[in-house]
**Q** 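Could you have a look at this structure, given as C-alpha cells, before my questions?
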Number of protein chains: 2
Amino acid sequence: MGQGQLSAVPEPKYWHLRTVLVRTIDAEFSTGQILPNERELAARFGVARATLRQALDQLELEGRLVRRRGIGTVIAAPRVGVPVNREEGWPGAQRSQAWRVVDCTTAPATPQIAARLGIKPGAIVHTVRRLRLVQGKAMAAESLYVPDAAVPNLPGFTAEGDRARSVLRRLERQGIDGESRSVELGVAEAAEAALLERPPGTPVLVVTTQYAAAGKLAALAVSTYRADTCKLTFGETGAVEVTPVPADAAVRTAS
Amino acid sequence: MGQGQLSAVPEPKYWHLRTVLVRTIDAEFSTGQILPNERELAARFGVARATLRQALDQLELEGRLVRRRGIGTVIAAPRVGVPVNREEGWPGAQRSQAWRVVDCTTAPATPQIAARLGIKPGAIVHTVRRLRLVQGKAMAAESLYVPDAAVPNLPGFTAEGDRARSVLRRLERQGIDGESRSVELGVAEAAEAALLERPPGTPVLVVTTQYAAAGKLAALAVSTYRADTCKLTFGETGAVEVTPVPADAAVRTAS
DNA sequence: TAGTGGTCTAGACCACGAG
DNA sequence: TCGTGGTCTAGACCACTAC
C-alpha cells in the first residue's frame, strides 16, 4: 500500500484522500481484507485522524467499506441486488421466505398515518412490522399499515402473531389492483436501526409503497433498506437480462 | 427556541441533539427560515461545534436542512417527487422538457462499460450526458451509453449537439421493448457534482436503467439524482392516487 | 469588513471484540 | 488486557456571501 503525500491541490484533503484510497483499494485489496487501522493510515498520509475518517465516511456511504468497532475497517462485498416488486413485497408472498413478521399492533391511526392512508384520524389501523432477510441477513425493516376497514371482521385473536397472520392472509386473499412506490434517502431511527443491527443514523433507502385494491388504498408499506449493502432492483415486463452482473462499482467513475 | 441541556443518556450526544433539533424545527420553524449559526447553537446546547455539526449532518442527509456557506443553515423545502419511468426517462420523450443534453462523445467502450452493455471491449459507444431539470433546478445528471451497433449508420455530423440529437432520435424511432432498473446510494464525483451544483461527495441516488429493444440491450443509462432534494416515484399500472401528498416527513417517526 | 459554514488539527476518553 | 473504531473537545484558519 502506497505512501501517499497529498499534493497541495485546491480540493479538500479528505476528498483527495478518498480518491487515493479508492485507487489503493481497487488495486491492492479484495473483499473481506482489513485495512491498516485509522491511526496508522492517518500517520501514513500525514493527516489528522478526523480527516482520514472523513474520507472513510465517504467510502462507507458508497458501500465500499464496513467499519467494525474492535475489529477494523474491512473491504465490503459488492452490494446485494434486492428485488423490489409486487411478488417480493406484497404480504401475499408468504411462500417466499423473504419477510419475517416481528410484531403487530392494532390501534387508532395517528394523524400522519391517517392522512397517508386517506382515512379519518383515529380510525383503527393494524401495523405489522416485518423484517426482510436476504442470505440470512437483515436487509430491511418494514412497517405495514392496514386500515381495519380494509380487512373487516378479523377473528378476535389475542396473540399478536395470530393477528399478524390473519391480516396478511386477508390481504393475500383479496389481491391487489396496483401499487405505486417512491424511494428516498433517510436515516434509521432507533427501532429500525436495532432491527437492522446497525447504529442509529445509519443511512437507509426508504421505500414507500401504496397498495390499491378495489379502487381504494388497502395498505401502506414503509420499508427501510440498508443503504450500505442494498441495491434495489425493479424488474419490468419485457426486460432482457443481458448483464450477468459484472463486478460492481468503478463504472460510474469510468465515464 | 428552547435551551437544551442534554441529559446524560447512554446514546451519543449528537444523536440526542438531532432528536431535539427535529422537534424544535417541526415546532418552531418553517421552510426557508434560518437557524441560529453553528457557534451559537453549539454554545446553547453546551457541546463542541463539531458535535453540533454531526447532528446537522444527519438532518441534512434527511433533507430537512440545507447549509449554505456565507448564508446560514436554512430549513429545507419538502423533497420534490421526481417521476422515474419510461415516459420521463427514455430519450424519446423529447417533448417533455425534462432532460437537457449537455454533451456527447463517441469513443471505444471502456472494459467496464463494455461489460455492462454486453458488447466487445473497444466497440464504439456513444455517451450522451444529460441534465434533468425540475422546476428549473438541476436534479439529476445522466450518462447514457448507446452502442454504435444499436444506432448504425449515423450521419457524419461533426458538431456534438447534432450527433446527440441524432442518437436520441434513432432510439426514439425504434422504441423499446422493456427496461430494468436499479437504485442505490452513491456520492457525486467531481463532474456530476459540478452539473448538480453541489460539492463533491454529495449523496446521490444512482439509478441504473437498461433499455431493451429487439431482444438486445439498446442503451444503458446511469443517472445520479440529488438525494437531498429528490424523492424518486415509480408510478404503476392500476395504482390509485389517494394521498394528495401530505406535509412531508415526520411520518416514519410516528410509527 | 463582518459573519457564515467548511476544513483541519491534536489530543482525550469510551465501547466493543478478541485473546 | 489490548487494539479497534466511535465520540467529543477546543481551537485555528479558510472560502464564500452580503453589506
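Values below: every heavy atom of this structure, side chains too, minus hydrogens, waters and symmetry copies. Chain A is the first sequence line, chain B the second, and so forth, proteins listed ahead of strands; every chain is numbered from 1. These numbers come from a predicted model, not from an experiment.
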**Q** Starting from P on dG5(C), measure out to CG on L59(B) and report it in whole angstrom.
**A**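 Going from L59(B) (CG) to dG5(C) (P), I get 14 Å.
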**Q** From L59(A) CG over to L65(A) CG, what is the distance, rounded to the nearest 0.5 angstrom?
**A**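 These two atoms lie 5.0 Å from each other.
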**Q** Using only side-chain N and O atoms of K13(B), determine if any of them is under 4.0 Å from OP1 or OP2 of dT9(D).
**A**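 It does, given that an N or O in the side chain of K13(B) lies less than 4.0 Å from OP1 or OP2 of dT9(D).
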**Q** Which listed nucleotide (dT7(D), dA10(D), dC8(C)) is nearest to the side chain of P12(B)?
**A**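 For the P12(B) side chain, the nearest candidate turns out to be dT7(D).
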**Q** How long is the line joining CD of E38(B) and P of dC8(C), in whole Å?
**A**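 These atoms are roughly 15 Å apart.
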**Q** Calculate the interatomic distance between D57(B) atom CG and dG6(D) atom P; express it in whole Å.
**A**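 One finds 15 Å between P of dG6(D) and CG of D57(B), rounded.
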**Q** Using atom CZ of F45(A) as one end and atom C1' of dT9(C) as the other, report the distance to the nearest whole Å.
**A**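 To the nearest whole Å, that distance equals 18 Å.
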**Q** Just how far is it from atom CG of L220(A) to atom CZ of R116(A), taken to the nearest 0.5 Å?
**A**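 These two atoms lie 5.5 Å from each other.
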**Q** In Å, rounded to the nearest 0.5 Å, how long is the span from CG of L133(B) to CH2 of W99(B)?
**A**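 These two atoms lie 9.5 Å from each other.
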**Q** Given dG6(D), is OP1 or OP2 found less than 4.0 Å from the side-chain N or O atoms of R67(A)?
**A**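 So the side-chain polar atoms of R67(A) do come within 4.0 Å of the phosphate oxygens OP1 or OP2 of dG6(D), strictly under.
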**Q** Phosphate oxygens OP1/OP2 of dT7(C): is one of them under 4.0 Å from a side-chain N or O of T51(A)?
**A**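 No.
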**Q** Applying side-chain contact (heavy atoms from CB on, under 4.5 Å), name anything that partners A76(A), two or more places apart in sequence or on another chain.
**A**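 For A76(A), the residues satisfying side-chain contact (heavy atoms from CB on, under 4.5 Å) (neighbours in sequence not counted) are V66(A).
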**Q** Between atom CD1 in I34(B) and atom P in dA18(D), what is the gap in whole Å?
**A**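 Checked: the CD1 to P distance equals 10 Å.
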**Q** Using distance only, find each side-chain donor-acceptor pair of residues 196-208 of chain A under 3.5 Å and give its atom names and separation, not counting sequence neighbours.
**A**
unit_1	atom_1	unit_2	atom_2	d
R198(A)	NH1	D228(A)	OD2	3.0
T202(A)	OG1	P199(A)	O	2.5

**Q** Separation of E11(A) atom CD from dG6(C) atom C1', in whole Å?
**A**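 Rounded to whole Å, this separation is 15 Å.
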**Q** Charged N to carboxylate O below 4.0 Å: is that the case for E142(B) and R132(B)?
**A**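 Salt bridge: no.
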**Q** I want to confirm an ordering. Mapping G72(B) and Q54(A) to their closest nucleotides on DNA chain C, which one lands closer to the 5' end?
**A**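 Of the two residues, G72(B) wins.
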**Q** Can a side chain N or O of T73(B) be found less than 4.0 Å away from OP1 or OP2 on dG5(C)?
**A**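 The answer is yes; a side-chain N or O of T73(B) sits under 4.0 Å from OP1 or OP2.
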**Q** Distance check: side-chain N/O of N37(B) vs OP1/OP2 of dG3(C), anything under 4.0 Å?
**A**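 Negative; the distance criterion is not met.
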**Q** Which heavy atom of I34(A) sits nearest to which heavy atom of F29(A), and what is that distance?
**A**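 Looks like O-CE2, 3.9 Å.
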**Q** How close or far is atom P of dG6(D) from atom CZ of R198(A), stated in whole angstroms?
**A**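 Rounded to whole Å, this separation is 9 Å.
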**Q** Whole Å only: how far is the CG atom of L65(B) from the C1' atom of dT4(C)?
**A**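 That distance rounds to 15 Å.
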**Q** Of the nucleotides dG6(C), dT7(C), dT9(D), which one has an atom closest to the side chain of Y14(A)?
**A**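 Closest of the options to the side chain of Y14(A): dT7(C).
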**Q** Summarise protein proximity over nucleotides 12-19 of chain C in one line of letters, 5' to 3': B for base, S for sugar-phosphate only, - for none, counting protein heavy atoms closer than 4.0 Å.
**A** BB-BBSS-
